[in-house]
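Accompanying notes for the structure given below.
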Amino acid sequence: MVNYGGDEVSALVIDIGTSSLRAGYAGDDTPKAIIPSSYGYHPAAPEADVTMSENAEQAEPGNKFAQIFIGQNGPSVWRAGMEIGNPLADGMIQDFNPIKPLIDHALSKVMRCNPSEHPILVTEPTWNTPYNRERMAEIMFEEFNVPAFYIANTGVLNAFAAGRGSALVIDVGEAMASVTPVVDGFVLRKGLAYSPLPKLVHAHARHLLVSPTTQRRGIDLIPYQLIANKLPVDPGALPNFALRQDRIAGTTDSWRAWAQAREVDEWVQTIAGVLDQGWNDQLAAQRPVRQYEFPTGYNMYFGSERYQVGEQFFYHSPQLASNANLPKSIPALITEALRACDPELRQVLMGNVVLTGGGSQFSGFADRLSTELTRSFPHVRLTKIHAPGNPIERRYGAWLGGSILASLGTFHQLWISREEWQEHGKAIVGQRCK
Amino acid sequence: MAASAADIRSALSIPEASATAGPSQPKKPALTNTRKPEGISRELYSLIGPSAPSLAAQLIKPRLKQKPNFGGGTSKTRWELRPFKNSGRRDNLELQHWEKVTTDPATEYSFAKYNVQPTTYSYSQDEYTRFLEDKDWTKEETDYLFSVVQDFDLRWYIISDRYDYPDGPSRHMDDLKDRYYSVCRKLVRNRPWAGDELSKSQLMASFQFDKERELMRKKYILSLENRTPDQIAEEEALYVEVKRLEHTERKFKRDRENLLRTLAGIDSGLPDIVEDDGSILGLSSESPSNIGSNKKKSQRKSGLAMDADSPATPSVASTPVIKRPQNLKNAAYDAQHCIIRTDVPASGIATKAAHQPAYLRTFKIPVMKTAVQQKVQEAVAELGLSSSRLVMPTRENVAQLDAMLEAMLALLETKRLVEKAEYDIQVLKKRLGLREQSTADGEGSILGIEGGESTHVDYAPKGGDIVDETPGENGRSQSVLSVRSARSRKHPRRSLSISSVDTVSTRAGTKRQKRS
């Protein structure tokens, strides 16, 4: 046991991302509980007297939720009048109300463990605010009664998951893309660069789908939950389907937006890609076309447009780039991060690039990234990109790093204990978790 | 129920075996010593005793293969969930982990030993005012710096990243390092030192920090990064060029050595070809991107050009160096065995002087210029010697011949001068006579007389030479042979063979003469 420095104290690791919340035991290689971060809820109205459905968890009094629906059967199940919310914005927790039910669901309902018996390690993005981490500590100590708590940085944990103490972590998530220089297990905060680039890619894909082209009409993004029946049709032909008219009235705007976003994501994850050598009309046209069928039954062959989506990660057209609010592309983020670092460090960091996050599983992303790196940084002799081939490791890199960290024998002196929390209060979080 | 022997005895009222030990009774101690084999009932065994092993083997039950023992012969390891305390913590947090039951619960947590704190320096107000004043730094900021350094265990990249002193000037990493190390140096220097001087100086050396040099180094790294693609491509091209030059240089050298070896033969004592690793051009195998900045590049360029102009050949330089000490060492040996070594001539083309193979001394007999050769031969013939070849070209003979030819040349030169002077006198005399005549006849016939004179002078020796050529040959070789045989009578056989060689070489000599 001592050989690899592990000493398991049955700690729990919780990694909250925009798309999903991951929880599991430290020392495992895969999180035990993966639930969507989005949740459905019925807003609490003064006159509301809603009957309890099976999956609903009774929200605490004083909350804005009358009912909250969490987990795999949470937002994805259509319920009349159900709104969809997500506690995270820009990768950071903005709304702490649903955090407790979410974590509770993952720990109690999915993992069936008692959080008061386990030390808990929680992750945070590098740009997290001191208020947020203190609030998280408060939730853990006051509401879950954990014996010990620690909050660790996702950038550092991703580097640890790749087995590196120093790395340039390129994390492309659901909402944010970030480039974080990590040295000796510490983030260089001045070198951090991040932008809501995945949102732009998503918006671009959505725009591509819904706007009509010369070959096809705009596509209706209607989720399965609203379709009563459909008939198979030829590619490009008008879809032949019937809506569930009984549900239309009860569908809220937020649920519809969430469902449509899911349809776009499905399409992107299934057939979108990026050319590995930069945009080239001819090359894009040469790539094979791929068929995709939407829930309405409408299906179509997609050719070069599926490569336009990925291009947004790396290159913005000049008319787009004139917009000052445009999120920075990946090469721009890397350049920005490296510029803030010491010149001596740049070689080290470029030799240890860690690619992680679910968004980085975009088809062809890693190849294109290596092309961009050699093109943009020709003076760097050896750029080595560490991108785990295992999708679980790629998506839940931060959780995996947390799992490694919290099972190390030498780590156990860093936990913030309940005693310390009571003695020092919130200040201990900033002191301990540097 | 089978009855035991004791039961039978008691039933038959036979006294106890131990009480009356008859000779027919089996001995009890022996019975207890031997263990009962398995598969045979105790009662039967006590009846038949240990004297029936074959019976026992038949009665033993067949058993399955024994289960493998994975535990290495030990019993099951017991683990238990135990709370433990970490001595690295200042609070009473008790975490639980699984431990072997056998381990002592009182032992210290095994990972606590990795919690090592680096030695930190602190200073009093008094020390600060006495040694550490700096116009750029306040005491508060220095305190802050030391606390940050302690927080991050001297990880300077992180210290400079997190360093944020309110209302202080922005500090670069090298500023922080400079301040920290200078304070440490001053503290070590001014405090009483308990240990010896060596350890103190070592500690001082570990706090050495040269800010200017660091900044310079970083500047170089930056300039290396800021090269344009063109510059990088140029460097790459230059690097390839250098490699190519090195390659051709090596190839040339190898070819030349091979050629020399072929010409001179295997046993010519040629040293083995030394493959040099390209260090002559001052370039190791580092990649071009290692060598940075335009300045360096231009230096490299000029160095390259210089080297290309003067292709140094290490073997040339090294060969005499190897030979000379040998000469000195073997001087006595040489004298004893009449070995005479010749130095490699310093003149000549350097690349060809690399090696001098063994040669016959006849090849080194000085050859006269064709213009004077015939005259020399004439003169030698006058002395009654054959001038064509030396039959016995020992070192002394060659030297003598050399000296003779030298003298001959000098003689001929003198003779030529004398003749010229005589001729001039003659001409002048004739002119004088003619002038005296011309006072009577006129000046018309002077030229004709002069031309006739000159052709006569020139022609006479030429014709004589051609006539002399063939008969002189035989006579000369005979005369030389006679001289030689007179000199080396002790080795008749060898001299005979030499004479045969000599005739061949003489023929070659005649050919050469004819050709000229």
Side-chain angles (χ1 to χ4, degrees), chain A residues 1-2 5-11 117-119 147-148 165-166 181-192 338-350 375 377-382 406-424 428 431 434, chain B residues 79 81 83-100 109-116 148 151-164 172-174 214 217-229 231-233 235-236 287-290 292:
Chain A
M1 292 293 272
V2 184
D7 181 23
E8 298 186 6
V9 295
S10 64
E117 291 170 357
H118 304 275
S166 302
V182 177
V183 175
D184 285 346
F186 288 94
V187 167
L188 294 186
R189 293 200 184 129
K190 286 171 186 161
L192 169 73
L338 286 182
R339 195 182 295 136
C341 292
D342 198 82
E344 237 179 327
L345 266 179
R346 291 175 196 162
Q347 292 278 348
V348 178
L349 293 175
M350 290 301 279
R375 197 176 293 165
F377 308 98
H379 51 81
V380 178
R381 265 173 296 153
L382 189 80
S407 63
L408 287 181
T410 44
F411 173 73
H412 299 321
Q413 73 179 70
L414 287 176
W415 292 107
I416 300 166
S417 68
R418 164 166 284 280
E419 186 187 335
E420 283 171 315
W421 170 257
Q422 280 160 354
E423 189 180 332
H424 298 96
I428 187 80
Q431 285 171 25
K434 291 168 194 166
Chain B
W79 292 75
L81 191 63
F84 69 96
K85 275 193 182 178
N86 190 337
S87 63
R89 298 188 65 91
R90 269 163 278 170
D91 61 350
N92 295 315
L93 176 69
E94 283 201 348
L95 298 167
Q96 292 190 313
H97 64 176
W98 288 93
E99 249 184 307
K100 282 181 187 165
Y109 185 50
S110 57
F111 292 99
K113 63 173 179 277
Y114 298 110
N115 183 25
V116 275
V148 178
D151 275 356
F152 293 105
D153 291 350
L154 288 171
R155 292 184 180 91
W156 286 106
Y157 293 119
I158 298 142
I159 291 165
S160 70
D161 184 66
R162 305 291 162 88
Y163 190 87
D164 183 24
H172 196 258
M173 189 172 89
D174 295 313
E214 279 294 294
R217 196 169 64 83
K218 300 233 163 115
K219 226 168 67 192
Y220 276 133
I221 295 175
L222 268 182
S223 67
L224 184 62
E225 272 181 23
N226 292 334
R227 288 174 300 166
T228 62
Q231 286 172 325
I232 293 171
E235 274 192 23
E236 292 280 345
S287 83
S289 53
N290 247 350

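Lettering of chains follows the sequences in order, A, B, ..., and the numbering in each one begins at 1.
At a threshold of 4.0 Å, the pair D161(B)-K190(A) does not count as salt-bridged, since none of the basic side-chain nitrogens sits closer than that to a carboxylate oxygen. A salt bridge is defined here as a Lys NZ or Arg NE, NH1 or NH2 lying under 4.0 Å from an Asp or Glu carboxylate O, and E420(A) with R89(B) meets this definition.
Among H118(A), R189(A), E419(A), the residue making the largest number of heavy-atom pairs under 4.5 Å with chain B is R189(A). Listed options V183(A), D184(A), L188(A) were ranked by heavy-atom pairs under 4.5 angstrom with chain B; first place goes to L188(A). Looking only at heavy-atom pairs under 4.5 Å with chain B, the residue among E423(A), Q413(A), R418(A) that has the most is Q413(A). Ranked by heavy-atom pairs shorter than 4.5 Å toward chain B, the options L408(A), V187(A), L345(A) are led by L345(A).
Heavy atoms of N92(B) lying under 4.5 Å from chain A belong to its backbone as well as its side chain. Using a 4.5 Å cut-off between heavy atoms, Q96(B) touches chain A through its backbone atoms (N, CA, C, O) alone. Both the backbone and the side chain of D91(B) come within less than 4.5 Å of a heavy atom in chain A. Neither the backbone nor the side chain of L192(A) has a heavy atom closer than 4.5 Å to any heavy atom of chain B. Of the two parts of R217(B), only the side chain, counted from C-beta on, holds a non-hydrogen atom closer than 4.5 Å to a non-hydrogen atom of chain A. Residue S87(B) does not touch chain A at all, counting heavy-atom pairs closer than 4.5 Å.
Annotation: cation-pi geometry satisfied between K434(A) and F152(B) (NZ/CZ under 6.0 angstrom from ring centroid, within 45° of ring axis).
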Using the rule given for side chain to side chain donor-acceptor pair (under 3.5 Å), can you reason through W415(A) versus H412(A), listing the C-alpha separation, both sets of side-chain angles and the distance that settles it, and then say yes or no?
CA-CA 6 Å; W415(A) 292 107; H412(A) 299 321; 3.1 Å; yes

Taking it one step at a time, do R162(B) and D151(B) satisfy salt bridge (charged side-chain N to carboxylate O under 4.0 Å, His left out)?
CA-CA 10 Å; R162(B) 305 291 162 88; D151(B) 275 356; over 6 Å; no

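Counting non-hydrogen atoms of neighbouring residues, nucleotides and ligands closer than 6.0 angstrom, the CZ atom of R375(A) exceeds 12 such neighbours.
In this structure, F84(B) has its ring center closer than 6.0 angstrom to the ring center of H97(B).
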